[in-house]
**Q** 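Take a look at this one; I'll ask things after.
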Amino acid sequence: MAIFCVLIPVFLICSPLGDSCRSPDDFVGASSPGDIVIGGLFAIHGKMLHSGEKPLKPMIANCAGFEVQVFLQSLAMVHAIEIINNSPLLPGIKLGYEIYDTCAEVTRAMAAALRFLSKFNASKDLVEFKCNYSDYTPRVKAVIGATYSEVSMSVARILNLQLIPQVSHASTAEILSDKVRFPSFLRTVPSDSYQTKAMARLIHKSGWNWIGIIATDDDFGRLAVESFGLQAMANNVCIAFKEMLPAYLSDSTIHGKIKQALEKIVKETRVNVIVVFLRQFHVMRLFRKAIERNINKTWIASDNWSAAVKISTLPNISRLGKVVGFTFKSGNMSSFHEFLSNLPTTPRGNNTFLREYMMLMSTCSHINDQDLSKCISNHSAESLLQNQIRPINSLWREEFLIANIEPGFIHSTMLAVHAIAKAIQKQCKDRDCKDPYAFAPWELLEILKEIKITDNEREVYFDSQGDIITGYDVLLWKEIDGRVVITNMAEYDLEKDDFIFSDKEDEIEFMNLKNVQSKCSRKCRPGQVKKVSASPHTCCYECISCPENYYTNQTDMDYCILCNNRTHWAPVNSSTCYRKMVQYLNWNDWFAVLLVALSALGIVLICAIFIIFTRNVDTPVVKASGGLTVCYVILLCHFLAFVSTSLFIGQPKAYKCKLRQALFGISFALCISCILIKSLKILLAFSFDPKLQKWLKGLYRPIPIVSFCTGIQILICSVWITVRSPFVQENFSIRRVIILECNEGSGVALGIMLGYIALLAFICFICAFKGRKLPENYNEAKFITFGMLIYFIAWIIFIPVYTTTFGKYLPAVEIIVILISNYGILCCTFFPKCYIILYKQEANTKSAFLKMLYNYSSKSAGSISVNQSSLDSKSGTPPVSSTNACCKVKGEKNWLNGSCHLQGPGPREVRGEVHFKNTAGPTIPRRRLSSI
């Protein structure tokens with residue numbers, strides 16, 4: 001070996017490459033003296049080599065698997081220290097460093113940590129046992145590292161003994177934020193709680209909810225899976241399976257576990273997204289096997305391998321599908337690139353890592369770019385000594401290093417060095433720090449927790465958990481010109497919990513992720529809701545339609561939303577609520593138009609009757625109707641009743657609701673009152689019973705009767721409107737519409753109003769029924785009786801129909817009844833008389849009237865004579881004699897003066913008197929006849 005070192009002075013391969021270290025100094029990977037020394041722990045090699053399956057002696061084993069990316073992180077620490085030493089930040093003070101290779105293994109890292117704890121400037125590396133280490137000066141003032149969380153946890157527990165500040169650039173396990181267990185641990189990267197939250201957010205926004213997880217079976221992997229599980233649950237993401245790969249077992253065991261994981265991936269066909277919390281060498285092995293089996297999925301990469309160029313350059317890596325990863329925020333890399341370009345061809349100082357890298361580059365110089373990383377990683381130190389060394393091109397070496405830079409890790413490493421330097425500056429403000437005993441590490445820790453540094457033009461600091469929250473870059477592995485290139489797709493803002501895109505193209509790339517389907521169940525469309533099936537996962541469900549009046553307006557909703565039943569409705573399987581249509585009996589409704597036409601026709605008939613009666617005012621028919629005054633009042637009542645029907649049509653208003661029933665009720669009560677007077681008058685004129693005649697004469701007071709009967713109705717309506725006034729209300733009984741209608745306020749008041757009209761109509765009916773056999777041509781009793789019957793029938797039918805009808809046509813029912821009642825009474829009261837006036841004018845004369853009277857009187861008198869004879873036989877009163885009668889006409893009133901002697905078959909007029917000739921006839925007492 002000595003001969004080899006002499007022959008090849010350029011690439012000095014010292015004992016650490018071939019054998020275990022003989023002394024602690026051989027254990028140091030890179031070092032540089034200084035007034036204040038900072039320790040470094042980096043996993044330059046990916047694993048440790050043992051001579052057998054288990055170590056037989058307590059000795060530090062050799063390492064294998066050179067990791068270029070981690071080697072670059074150690075160079076970033078060296079570069080940052082050189083920057084500080086060449087800057088005025090620490091004037092007169094030089095920072096030194098001691099960097100150790102942990103080989104990604106806890107045992108080797110703890111050995112390095114023991115050396116950090118050893119007493120400064122002691123002849124031997126000894127760690128003194130003390131009850132109080134406040135005045136103890138260890139070998140280093142602070143430590144940067146380690147790379148992996150599991151290693152950092154073990155180291156932190158040792159460094160806690162002396163509270164030596166440990167600032168990690170890559171360890172992200174959430175447990176390390178616990179300051180009770182790890183009081184001296186800080187880091188310049190966010191914890192996994194933020195990363196898992198970002199991952200779950202990405203998965204949720206991409207529309208995935210059925211994913212798998214593959215992680216290492218160590219503290220880092222288990223904690224990451226636990227943290228991600230909580231975040232996934234918060235984002236409605238379900239984990240279909242979890243596969244844990246051993247972190248340190250033999251290759252055969254790892255291969256078996258990888259095979260098992262791939263079998264699970266193939267079996268779960270609905271899982272197309274896999275979250276991977278693995279170390280880089282695990283990912284390498286997993287992906288090689290996945291490529292062989294043509295497995296195509298979408299892979300979510302954690303920060304420790306998302307930017308690994310050696311993985312992205314694997315042969316046929318594009319067959320695996322999409323890779324989306326998270327890495328730490330980076331800064332300007334220009335100064336580090338310049339540092340790499342000026343790396344000496346011949347390493348200076350104690351840096352075995354750089355020497356080994358030079359040797360590896362020489363050994364693998366004949367390998368193409370795609371396989372270079374694999375070549376470097378696979379060569380062990382022993383194999384390097386057996387290979388022929390070839391010269392290498394410095395430009396090629398620089399390009400290879402720059403290509404393997406993981407900017408996030410480089411940036412966080414340099415940030416850790418600057419944070420420690422800033423704390424040292426503050427610590428050394430009032431003391432001479434060239435003296436190694438000027439301050440203890442625990443004093444530096446207190447200041448380090450409070451310092452603020454500028455990073456990318458913004459101020460950052462350690463929070464209460466000892467973390468610097470820098471955020472994440474979202475990486476996308478894209479195939480460009482046949483090569484997979486790692487590109488920056490977006491930035492994840494921790495505070496906003498959202499993704500920020502630098503340009504539209506990146507946003508499109510992000511949205512394209514939604515094209516990947518990774519769901520346990522198909523997406524439930526709007527209008528449907530998820531019903532969880534027998535599966536324990538909430539993401540496995542059935543889609544069922546929302547019931548009536550419920551809706552969902554988004555996909556995959558967990559519950560249906562109830563519509564506002566008062567104003568909105570929704571059919572089954574609806575995606576929205578529909579506003580209910582406001583309905584009422586509108587003017588443009590065909591039925592309303594028909595009813596209005598019927599009301600208008602009634603008004604036209606009233607006008608026609610008014611004209612006919614006015615033009616024939618002096619005829620017996622008109623006079624027999626009670627005269628123009630009564631006829632005009634009755635016609636006005638019918639007119640108001642027809643007009644009141646218009647208040648039932650159109651949008652209900654408060655004044656309409658109050659006016660329509662009152663207008664109809666009062667007008668109809670007045671109409672019936674006038675007809676009642678006419679009925680009484682007929683009975684008074686043609687009644688032959690003296691007692692009834694006397695009673696009717698006392699009762700017959702037209703104006704008081706009409707005023708009294710109508711006044712009661714006015715009082716009823718006034719109390720109704722005052723106490724329980726009708727009002728406009730919205731009826732929601734029909735599911736799809738709102739019926740705008742008038743609430744009558746008091747159903748009792750409405751019943752009393754209608755009942756009172758019915759009472760008047762009944763009295764009128766009785767009176768008219770009594771006089772139904774009086775002279776036909778001029779007697780209205782028969783027609784009044786028939787009109788009242790029509791009224792009763794209409795309103796009797798109205799009650800059940802009205803109570804069982806609902807909707808906008810409810811007012812139409814009352815309109816129809818009003819029209820039937822109005823038409824019935826109008827026709828029965830006036831149409832027969834109009835018929836006589838227009839078509840039987842010969843019957844509309846005084847002579848015809850008196851003749852009709854004579855005929856009726858003859859029949860009636862004969863009947864009376866028979867009755868009287870029967871009476872006289874019992875009482876002894878003589879019967880009525882038959883004498884000649886004469887009818888004296890005075891103005892508009894006819895009176896029978898004395899006795900009318902019926903002497904002939906027909907009347908004759910002599911000096912204003914009408915004589916009837918007959919051989920025999922009754923003697924008719926003087927009585928008042930109908931006004932003519």
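Scope of the values below: all heavy atoms of this structure, side chains included, with no hydrogens, waters or symmetry mates.
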**Q** Does Phe501 have any ring-ring contact (aromatic ring centres under 6.0 Å, His included) partners at least two apart in sequence or in another chain, and if so, which?
**A** Phe510
**Q** Just say parallel, tilted or perpendicular for the rings of Phe499 and Tyr492, cut-offs at 30° and 60°.
**A**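 Aromatic pair Phe499/Tyr492 classed tilted.
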**Q** Using atom types as modelled and distance alone, determine if a side-chain donor or acceptor of His204 lies under 3.5 Å from a backbone N or O of Asn235.
**A**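 Yes; at least one donor-acceptor contact below 3.5 Å.
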**Q** Going from NZ on Lys322 to CG on Asn512, what distance comes out if it is rounded to the nearest 0.5 angstrom?
**A** 6.5 Å
**Q** Could you tell me whether Glu263 and Arg293 make a salt bridge, using a distance below 4.0 angstrom between a side-chain N and a carboxylate O?
**A** yes
**Q** Does a salt bridge link Arg108 with Asp101, judged by any charged N lying under 4.0 Å from a carboxylate O?
**A** no
**Q** Please report the interatomic distance CD1(Ile211) to CZ(Phe241), rounded to the nearest 0.5 Å.
**A** 8.0 Å
**Q** Answer with yes or no whether the side chains of Asp506 and Ser502 bring together a donor and an acceptor at under 3.5 Å.
**A**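 Result is yes, a qualifying pair exists.
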**Q** Test of understanding: with ring-ring contact (aromatic ring centres under 6.0 Å, His included), list the residues that count as partners of Tyr194, not counting sequence neighbours.
**A** none
**Q** Could you pull out the closest heavy-atom pair between His169 and Val189, with the gap in Å?
**A** O-CG1, 3.4 Å
**Q** Apply side chain to side chain donor-acceptor pair (under 3.5 Å) to Thr470 and list each qualifying residue two or more places apart in sequence or on a separate chain.
**A** none
**Q** Are side-chain heavy atoms of Val151 and Thr147 found at a separation under 4.5 Å?
**A** no
**Q** Between atom CD1 of Ile265 and atom CG of Asn272, what is the distance when rounded to the nearest 0.5 Å?
**A** 10.5 Å
**Q** Quick check against the 3.5 Å criterion: does Ser168 have a side-chain atom that pairs as donor or acceptor with the backbone of Ala146?
**A**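 Confirmed, Ser168 side chain pairs with Ala146 backbone.
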**Q** Closer than 4.0 angstrom, basic N to acidic O: yes or no for Lys47 and Glu67?
**A**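 No, Lys47 and Glu67 are not salt-bridged.
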**Q** Looking at residues at least two apart in the chain, or sitting in another chain, which of them share a side chain to side chain donor-acceptor pair (under 3.5 Å) with Tyr472?
**A**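 Side chain to side chain donor-acceptor pair (under 3.5 Å) list for Tyr472, sorted by chain: empty.
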**Q** Under the rule for side chain to side chain donor-acceptor pair (under 3.5 Å), what residues qualify as partners of Asp467, not counting sequence neighbours?
**A**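 Counting only residues at least two positions away or on another chain, Asp467 forms a side chain to side chain donor-acceptor pair (under 3.5 Å) with Ser177, Arg187.
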**Q** Once you measure the plane-to-plane angle for Phe277 and Phe220, does it fall in the parallel (<30°), tilted (30-60°) or perpendicular (>60°) bin?
**A**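 The arrangement is perpendicular - the two ring planes meet at more than 60°.
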**Q** Could you pull out all residues at least two apart from Lys530 that satisfy salt bridge (charged side-chain N to carboxylate O under 4.0 Å, His left out)?
**A** Asp558
**Q** Are any side-chain N or O atoms of Trp299 and backbone N or O atoms of Leu320, one a donor and one an acceptor, separated by less than 3.5 Å?
**A** yes
